[in-house]
Amino acid sequence: EEWPILDEAVTRLSAEGGSFDIEFRIERPDNTIAWMHAIGNTIRNEKGHVSKLFGTAQDVTHRKLTEEKVVQSKILLESSIESQKDMIILSLDTEYRYLFFNKTHAESMAQIYASVPQVGDCIFDFMKGEDDIKIVKAHYDRALVGESHTAIEEYGEEGSCIYYEIRYNPIY
């Protein structure tokens, strides 16, 4: 069976020495596709010439197919989340730092607090009203101890208040 990318790597190693770590696709005799992971290295003699080549190749088809499914699932999830233009979706860690948020949340933060958060930022760094922080923290704390609940809240400064029905759910 011909594996051109592996042949090129071995030819280069024979001439130059060094090592390689590559993944490549092959077509099996039954016309199915497989993914291979190959690593190789050289040993030089006392004159500095390449004297030995050694390496391994491993079938990593299952891992590559699993990675592809994860990427496809992520794309589907993100498109589902972002398609909800009237729904704010966000996830925080136990230190109230953003793990994820959709565009609608970023837009609402810009409208209410004139700030756009980044993943890793603490949500409370953007909120200006101590009352807002106190209310939100109490809800998040309930979710952090495992309680799912719903609240209707008003956020923002006088004249720019927005009302939300909020569902707080822990993620295990």
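All values below come from the heavy atoms of this structure, side chains included, with hydrogens, waters and symmetry mates left out. The structure presented is a predicted model; accordingly, all values stated were derived computationally and were not measured. Residues: numbered from 1 along the sequence shown.
Between Cys122 and Arg97, the shortest heavy-atom contact is N-NH1, 3.5 Å. Contact detail for Leu144 and Asp93: the closest heavy-atom pair is CD2-O, 4.4 Å. Closest non-hydrogen pair, His105 versus Tyr98, comes out as NE2-OH, 2.8 Å. Across all non-hydrogen atoms, the minimal contact from Pro170 to Ala143 is CB-O, 3.1 Å. Residues Phe24 and Ala38 approach most closely at CE2-CB, 3.9 Å, considering heavy atoms. Across every non-hydrogen atom of Asn102 and Phe100, the tightest pair is N-CE2, 3.8 Å.
Between the side chain of Ser115 and the backbone N or O of Ala110 there is no donor-acceptor pair closer than 3.5 Å.
Rounded to the nearest 0.5 angstrom, Ile39 CD1 and Phe20 CZ are separated by 8.5 Å. With rounding to the nearest 0.5 angstrom, the CD1 atom of Ile166 is 9.0 Å from the CG atom of Leu90. In this structure, CD on Glu8 lies 8.5 Å from CD1 on Ile22, to the nearest 0.5 angstrom. Taking CG of Leu92 as the reference point, atom CG of Leu99 lies at 7.0 Å (rounded to 0.5 Å). Between Asn169 atom CG and His149 atom NE2 the span is 9.0 Å, to the nearest 0.5 Å. Atom CD of Glu67 is separated from atom CD of Gln72 by 12.0 Å, given to the nearest 0.5 angstrom.
Within 6.0 Å of the CZ atom in Arg25, the count of heavy atoms belonging to other residues, nucleotides or ligands does not exceed 12. Counting non-hydrogen atoms of other residues, nucleotides and ligands closer than 6.0 Å to CG of Asp131 gives a total of 12 or fewer.
Thr150 pairs by the side chain to side chain contact (heavy atoms under 4.5 Å, CB included) definition with Glu165, Arg167, not counting sequence neighbours. In this view, Asp141 and Lys137 satisfy the salt bridge (Lys or Arg N to Asp or Glu O under 4.0 Å) rule, not counting sequence neighbours.
A perpendicular orientation is assigned to the rings of Tyr168 and Tyr140, their planes being inclined by more than 60° (bins at 30° and 60°).
A continuous path of hydrophobic side-chain contacts links Ile123 to Ile133 [ILVMFWY only; heavy atoms under 4.5 Å]. Both Val119 and Met109 sit in one connected hydrophobic cluster of ILVMFWY residues. Membership requires side-chain heavy atoms under 4.5 Å apart, directly or through other members. Following chains of ILVMFWY side-chain contacts shorter than 4.5 Å, one cannot reach Val60 starting from Leu65, and the two form parts of different hydrophobic clusters. Criterion: ILVMFWY side-chain heavy atoms under 4.5 Å apart, direct or through other members. Under it, Tyr164 and Tyr96 are part of a common hydrophobic cluster.
Remark: aromatic rings of Tyr113 and Phe126 are distant, center separation not under 6.0 Å.
Under the 4.5 Å side-chain criterion, counting only non-hydrogen atoms from C-beta, Glu27 is not in contact with Thr32. Counting heavy atoms from C-beta outward, Asp21 and His37 have side chains that approach closer than 4.5 Å.
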I'd like to know whether Lys64 forms a salt bridge (Lys or Arg N to Asp or Glu O under 4.0 Å) with Glu68, so could you lay out the CA-CA distance, the side-chain angles of the two residues, the decisive distance to 0.1 Å, and finally the verdict.
CA-CA 6 Å; Lys64 292 295 274 190; Glu68 188 176 302; over 6 Å; no
